[in-house]
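Encoded as structure tokens, the structure appears first; notes follow it.
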Amino acid sequence: MMLTEVTALPQAVLPVAQFRDHLRLGSGFDDDALQDGLIETYLRAAIAAIEARIGKILIERDFVWVVTQWREGGFATLPVAPVNAITEFTIVARDGAETAIPDTAWRLIPDHQRP
């Protein structure tokens with residue numbers, strides 16, 4: 001199974017200024033924003049680490065999930081939560097033929113213990 005982030009977190013939604021204040025970095029200098037690029041990198045890494053650890057997405061974005069083999073029973077547990085929408089469900093055969101599965105042929109069952 002492979003989960004791939006399709007849309008990265010936009011810079012505008014990252015709380016860089018608040019994170020800088022939380023770190024109590026020096027302020028009032030001409031180069032206050034000099035470290036913002038590095039702070040943004042650390043903030044993105046922290047968000048990724050937290051999301052991976054708890055299995056919950058902190059800031060909404062799009063993902064593609066590829067499953068190479070179904071488990072017994074024809075069900076799969078999603079690797080992250082919460083899920084706002086599933087936009088496409090496609091099965092790809094070994095020969096590369098793609099079959100779109102209609103919304104009426106599958107269902108999403110909420111589970112409070114797992115993503």
Side-chain angles (χ1 to χ4, degrees):
M1 290 187 252
M2 183 171 61
L3 183 70
T4 306
E5 185 177 330
V6 177
T7 55
L9 289 171
Q11 184 178 6
V13 301
L14 292 174
V16 173
Q18 293 89 338
F19 192 49
R20 183 183 337 105
D21 293 344
H22 174 74
L23 295 174
R24 298 178 186 228
L25 299 178
S27 62
F29 302 103
D30 288 340
D31 59 354
D32 276 352
L34 182 66
Q35 300 284 333
D36 283 359
L38 185 60
I39 291 172
E40 180 183 336
T41 301
Y42 290 153
L43 188 55
R44 287 180 187 276
I47 289 170
I50 291 168
E51 288 178 344
R53 178 75 174 195
I54 65 173
K56 306 281 188 214
I57 299 302
L58 301 177
I59 300 175
E60 182 178 336
R61 54 201 185 276
D62 295 333
F63 293 88
V64 170
W65 185 44
V66 177
V67 179
T68 56
Q69 183 176 350
W70 285 106
R71 296 174 60 187
E72 289 184 37
F75 68 91
T77 303
L78 299 175
V80 293
V83 175
N84 291 337
I86 296 176
T87 58
E88 183 179 351
F89 186 166
T90 305
I91 294 179
V92 180
R94 291 180 190 211
D95 63 0
E98 294 185 7
T99 304
I101 307 300
D103 293 348
T104 56
W106 57 270
R107 62 189 170 134
L108 180 64
I109 302 171
D111 185 341
H112 298 292
Q113 302 302 318
R114 301 172 75 170

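Any value given below was found using the heavy atoms of this structure, including those in side chains, with hydrogens, waters and symmetry copies removed. Heads up: numbering here begins at 1 and tracks the sequence.
- Here CG of Leu78 is found 11.5 Å from CZ of Phe63. Values are rounded to the nearest 0.5 Å.
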Full working for side-chain contact (heavy atoms from CB on, under 4.5 Å) between Trp106 and Ile86:
CA-CA 11 Å; Trp106 57 270; Ile86 296 176; 3.6 Å; yes

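- When hydrophobic clusters are built by joining Ile, Leu, Val, Met, Phe, Trp and Tyr residues whose side-chain heavy atoms come closer than 4.5 Å, directly or via intermediates, Tyr42 is grouped together with Leu23.
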Given Leu108 and Val83, is the side-chain contact (heavy atoms from CB on, under 4.5 Å) satisfied, shown in steps?
CA-CA 9 Å; Leu108 180 64; Val83 175; 3.9 Å; yes

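- One finds the NE2 atom of His22 at 11.5 Å from the CD1 atom of Ile39 (value rounded to the nearest 0.5 Å).
- A distance of 13.0 Å separates CD of Glu40 from CD of Gln35, quoted to the nearest 0.5 Å.
- Salt-bridge annotation for Arg61 and Glu51: present, with a side-chain N of the basic residue lying under 4.0 Å from a carboxylate O of the acidic one.
- Between the Thr7 side chain and the Asp62 main chain, a donor and an acceptor come within less than 3.5 Å of each other.
- Within the 4.5 Å cutoff, side-chain heavy atoms of Arg20 are placed close to those of Asp36.
- Using a 4.5 Å heavy-atom threshold, the side chains of Val64 and Val66 count as touching.
- When the shell of 6.0 Å around CD of Glu5 is examined, it contains more than 12 heavy atoms from other residues, nucleotides or ligands.
- Taking 4.5 Å as the limit, some side-chain heavy atom of Leu3 sits within range of a side-chain heavy atom of Val80.
- Exactly one residue among Asp103, Thr104, Ile109 makes a side-chain contact (heavy atoms from CB on, under 4.5 Å) with Arg107. That residue is Ile109.
- Here the OG1 atom belonging to Thr87 is positioned 12.0 Å from the CZ atom belonging to Phe89, to the nearest 0.5 angstrom.
- The shortest side-chain heavy-atom distance between Ile47 and Leu14 falls under the 4.5 Å cut-off.
- The two residues Ala105 and Ile101 have their closest heavy-atom pair at CB-CG2, 3.7 Å.
- One finds the CG atom of Leu9 at 8.5 Å from the CG atom of Leu43 (value rounded to the nearest 0.5 Å).
- With values rounded to the nearest 0.5 angstrom, Ile50 atom CD1 is found 6.0 Å from Leu58 atom CG.
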